[in-house]
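A note on names: the letters A, B, ... follow the listed sequences, proteins ahead of strands, and every chain is numbered from 1. Below, all heavy atoms of this structure are taken into account, side chains as well, without hydrogens, waters or symmetry copies. Remember, predicted model here, so these are calculated numbers, not experimental data.
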Amino acid sequence: MATNFLVHEKIWFDKFKYDDAERRFYEQMNG
Amino acid sequence: MAAGTLYTYPENWRAFKALIAAQYSGAQVHVLSAPPHFHFGQTNRIPEFLRKFPAGKFPAFEGDDGFCVFESNAIAYYVSNEELQGSTPEAAAQVVHWVSFADSDIVPPASTWVFPTLGIMHHNKQATENMKTFMAGKQVTLADITVVCILLWLYKQVLEPSFCQAFPNTNRLFLTCINQPQFRAVLGEVKLCEKMAQFDA
Amino acid sequence: MAAGTLYTYPENWRAFKALIAAQYSGAQVHVLSAPPHFHFGQTNRIPEFLRKFPAGKFPAFEGDDGFCVFESNAIAYYVSNEELQGSTPEAAAQVVHWVSFADSDIVPPASTWVFPTLGIMHHNKQATENMKTFMAGKQVTLADITVVCILLWLYKQVLEPSFCQAFPNTNRLFLTCINQPQFRAVLGEVKLCEKMAQFDA
């Protein structure tokens, strides 16, 4: 079944956390 | 026009991008996705394969002329014609725009939502809420093909009618595309989900 | 050749891709990254801005002819010339290949490694170990520009000489590129890290 293969997919599940962190970082940097 | 062999596991939405593009462009793509030519977890460990595709990722494409490339967006681009790639600088930039946006902003939340319903990872409520809607393009380009292939699992598993009525543009894009003969030739009949699948403990 | 305005916050590696590409192509790109024209966190909430750039993401590009695009890869593509985009179907596919590979396989582990040293994310030891090396290209293309801009923080924060000596190809690519006049015109003098920065509690 295709799901057996999906489990090997490399997905950045935490991307939204890093996007938020990056946005906060640059907002801080820009006062 | 490109011609060659695509190595992939079956039902790979990343491979669908190139296969649908080939339906539009007429590129001859021969798929190897089952034994004896393809064994997932083995084929990509054979030295011969790794010499051509060092990262061992799928899908992987080998042109009849020996040209090898393995990133799915690059394969889809290579088997496309100018219409699909965007025939003006602005159209080409918008194709790059939607392909990047789809990979960076749709794939993570869509996978976070669908994978638990397939029982292949734990459920993450917060991330699931991050799902967004996307604009419908005019003429089919790689941008539409990429977005539709990424949304496929969502529409098959969790986007029940009551939920996705909030995204008319996305529904129109998705339903219009999957009923194009070039999409149907690759995806077959896409069975849309009636009831949002729940986390499969 | 494209000409227009790039809205971004300062020191944005995503914006550097387009700015370095413009150094090679000769595209005229005017940067707005400081008050009164640009306030990060405010500019992208103004209705006028959101009409042009609905996702409110940076960098965002507005051509002198009114053409608007916001994904950084699309902006870099739009301000590039044919040499940078890849002047044959194979070269163009390889540019798409390395840009995709950089975004999908370098950005996540690189961010996982660097962000904790900037004190903006918790430390994740396992993921940090996942850092990989990357091939050096021949002629500078968007692939090199993209990879170098993504590796920038790594080389500034954590890739101390003792650690990165294991990646001669990447070092060669990175050092060769940052010393090209077109990179230096945008990045200035890149101060390489001597001592791996630690998680800033």
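Screening C:Phe70, C:Tyr77, C:Tyr78 against B:His97 for a ring pair (Phe, Tyr, Trp, His ring centres under 6.0 Å) leaves a single residue, C:Phe70.
One distance of note links CZ of B:Phe67 with CD of C:Gln94; it measures 4.5 Å at 0.5 Å rounding.
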Which atom pairs, donor and acceptor, lie under 3.5 Å between side-chain atoms of residues 46-57 of chain B and protein residues at least two apart or in another chain?
from    : atom 1 : to       : atom 2 : distance (Å)
B:Glu48 : OE1    : B:Arg51  : NH2    : 3.3
B:Glu48 : OE2    : B:Lys52  : NZ     : 3.4
B:Lys52 : NZ     : B:Glu62  : OE1    : 2.9
B:Lys52 : NZ     : B:Glu62  : OE2    : 3.4
B:Lys57 : NZ     : B:Glu71  : OE2    : 2.8
B:Lys57 : NZ     : C:Asp105 : OD1    : 2.8

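Most heavy-atom pairs under 4.5 Å with chain B, from the set C:Val99, C:Asp65, C:Asn73: that is C:Asn73. No other option in B:Ile75, B:Val69, B:Val95, B:Val96 has as many heavy-atom pairs under 4.5 Å with chain C as B:Val96. Ranked by heavy-atom pairs shorter than 4.5 Å toward chain C, the options B:Ser100, B:Pro89, B:Ala76 are led by B:Ser100.
Legend: residues meeting side chain to side chain contact (heavy atoms under 4.5 Å, CB included) with C:Asn81, ordered by chain and number and at least two apart, are C:Met1, C:Ser25, C:Glu83, C:Leu84.
Residue contact with chain B, scored on non-hydrogen atoms closer than 4.5 Å, involves the side chain of C:Ser104 exclusively.
The shortest non-hydrogen separation linking C:Ala93 to B:Ala74 is O-CB, 3.3 Å.
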